[in-house]
Amino acid sequence: QIWAGRFSGTVGDLLLLADRAAREIAEAAGAAARTPMPSRPGVDPRALELHARARRSSSFAAFDATGGLPEIEEAASLAPSEPRILATYGMLLVKETFRMGADLASLLVRARPIVERAIDLAPELPEPWVALAQLRMSTGETAAGARAARRALRGGPSVAEAHEIAGRILAEADRLEDARALMSRAVWLDELLNLAQVDLVRVLALLGRRAEALAHIDRLETLAPRQHVVVASRYDRWGPDAGVVVPDSPCDPGTPGER
């Protein structure tokens, strides 16, 4: 046994207690510097619930409207100084740009001050840096996005979204094997992170690892039927394989609005 501990607090202290536990476990494992953890006020429990609902909604709405935005906007209004909530708000605004017909410029303008405030409030947390990496990549600032992703990974090796954005950046740089490792880690940490599942299928197909790609396509059918239909229909472009058949589905996947 590496570590054991017990904490007490209110529901609003949940994120702070998670921070304390993570820091103590990392220190016990010798993986973190022993620096004081900044103190932050407790969070309205309603904001925590809305934050959790927004994250779950966004996992199933990669190509749909809203995708958790109403919930995270309300959460941010209840907890305007909670950096994780602000980081998620920024991420979902960036994610909304994937939707066909979305006002890309307006969404990115809204996201920037929210993400920057999250970093100002808690530069030691990984989530604000994930949000910044996604924002920078969406505005074409690839080098800045890569730096932010590296910072996120360094501060949050167990944060699935950090591995996801870093893997996406490496895939675009044609470092496919490194991208595969990061995306595999992302979906291992959070299998509902279906955009990472989609990207992993693409990378596996490009690497010629057909069986693994098809296995992930099958998993998407259960986890995210809309994404499954879209990914299955595109597989031939990533890695030609006559064995992929797009199933009948009551879901209309629409057009994901690639940019």
Side-chain angles (χ1 to χ4, degrees), residues 1-5 7 14-40 48 51-52 55-56 58-59 82-92 94-95 115 118-137 142-173 175-204 212 216 219 223:
Q1 179 174 319
I2 296 175
W3 173 88
F7 306 103
L14 184 60
L15 293 179
L16 296 177
L17 296 178
D19 282 344
R20 286 181 58 192
R23 174 59 64 92
E24 291 191 13
I25 293 168
E27 288 181 353
R34 287 168 170 76
T35 55
M37 187 178 69
S39 64
R40 287 188 288 272
L48 295 177
H51 178 241
R55 286 179 57 83
R56 184 165 180 81
S58 71
S59 292
E82 169 46 50
R84 282 196 181 90
I85 288 177
L86 294 177
T88 298
Y89 192 3
M91 288 184 220
L92 295 192
V94 172
K95 192 173 183 180
V115 172
I119 289 176
D120 288 343
L121 287 167
E124 77 283 358
L125 293 179
E127 290 88 351
W129 294 100
V130 172
L132 182 63
Q134 293 180 352
L135 177 64
R136 294 288 188 245
M137 292 300 294
T142 305
R147 289 193 295 271
R150 189 180 302 116
R151 180 75 177 265
L153 278 174
R154 188 166 65 242
S158 62
V159 174
E161 290 91 341
H163 294 271
E164 176 190 26
I165 186 61
R168 189 174 302 135
I169 291 170
L170 290 178
E172 296 305 318
R175 291 177 52 182
L176 297 179
E177 190 54 50
D178 290 333
R180 182 204 62 77
L182 284 164
M183 290 173 183
S184 295
R185 180 84 174 170
V187 300
W188 179 77
L189 288 165
D190 183 358
E191 70 172 357
L192 296 181
L193 203 62
N194 55 53
L195 281 182
Q197 295 272 14
V198 170
D199 283 332
L200 180 56
V201 169
R202 178 169 65 98
V203 168
L204 287 170
E212 292 173 70
H216 279 281
R219 292 185 69 199
L223 290 172

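Remember, predicted model here, so these are calculated numbers, not experimental data.
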J.: To the nearest 0.5 Å, tell me how far Leu170 CG sits from Asp199 CG.
T.: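 Here the rounded value is 12.0 Å.
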
J.: Report the residue from Met183, Glu161, Arg55 that forms a side-chain contact (heavy atoms from CB on, under 4.5 Å) with Leu193.
T.: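 Between Leu193 and the candidates, side-chain contact (heavy atoms from CB on, under 4.5 Å) is satisfied uniquely by Glu161.
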
J.: Do Glu164 and Arg168 sit within salt-bridge range, that is, some charged N less than 4.0 Å from a carboxylate O?
T.: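 Salt bridge between Glu164 and Arg168, a charged N being under 4.0 Å from a carboxylate O: yes.
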
J.: Nearest heavy-atom pair of Leu200 and Val187: which atoms, and what distance?
T.: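 Distance-wise, the nearest heavy atoms are CD2-CG2, 3.9 Å.
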
J.: Of all heavy-atom pairs between Ala118 and Ala87, which one has the smallest distance, and what is that distance?
T.: CB-N, 4.0 Å

J.: Quick one: pull up CZ in Arg136 and CD in Gln134 and give me the separation to the nearest 0.5 Å.
T.: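 So the CZ of Arg136 and the CD of Gln134 are separated by 13.0 Å.
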
J.: Which atom pair, heavy atoms only, marks the closest approach of Val130 to Ala152?
T.: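 For Val130 versus Ala152, the nearest heavy atoms are CG2-CB, 3.6 Å.
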
J.: Kindly give the heavy-atom pair with the smallest separation between Ala179 and Gly167, and that separation in Å.
T.: CB-O, 3.3 Å

J.: Which value, rounded to the nearest 0.5 Å, describes the distance between Met91 atom CE and Leu86 atom CG?
T.: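 So the gap between those two atoms works out to 11.0 Å.
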
J.: Ion pair present between Glu212 and Arg219, side-chain N to carboxylate O less than 4.0 angstrom?
T.: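 The answer is no: the pair does not qualify as a salt bridge.
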
J.: Report the distance from atom CG of Leu182 to atom CD1 of Ile165, rounding to the nearest 0.5 Å.
T.: 11.0 Å

J.: Side chains of Thr88 and Glu127: does their closest heavy-atom pair fall under 4.5 Å?
T.: no

J.: Roughly how far, to the nearest 0.5 Å, is CD of Gln197 from CZ of Arg202?
T.: 14.0 Å

J.: Hey, does Val94 have a side-chain heavy atom less than 4.5 Å from the side chain of Val115?
T.: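 Result no, sub-4.5 Å side-chain heavy-atom pair not found.
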
J.: Of all the heavy-atom pairs spanning Ala196 and Ala186, show the shortest one and how long it is.
T.: CB-CB, 4.2 Å

J.: Return yes if some donor-acceptor pair links the side-chain N/O of His216 with the main-chain N/O of Val198 below 3.5 Å, else return no.
T.: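 Pair absent, no side-chain N/O of His216 close to backbone of Val198.
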
J.: Can you measure from NE2 (His163) to OG (Ser158) and round to the nearest 0.5 angstrom?
T.: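 That separation rounds to 7.5 Å.
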
J.: Over all heavy atoms of both residues, which pair between Gly145 and Met137 is shortest? Give the atoms and the distance, please.
T.: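 Distance-wise, the nearest heavy atoms are CA-SD, 4.3 Å.
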
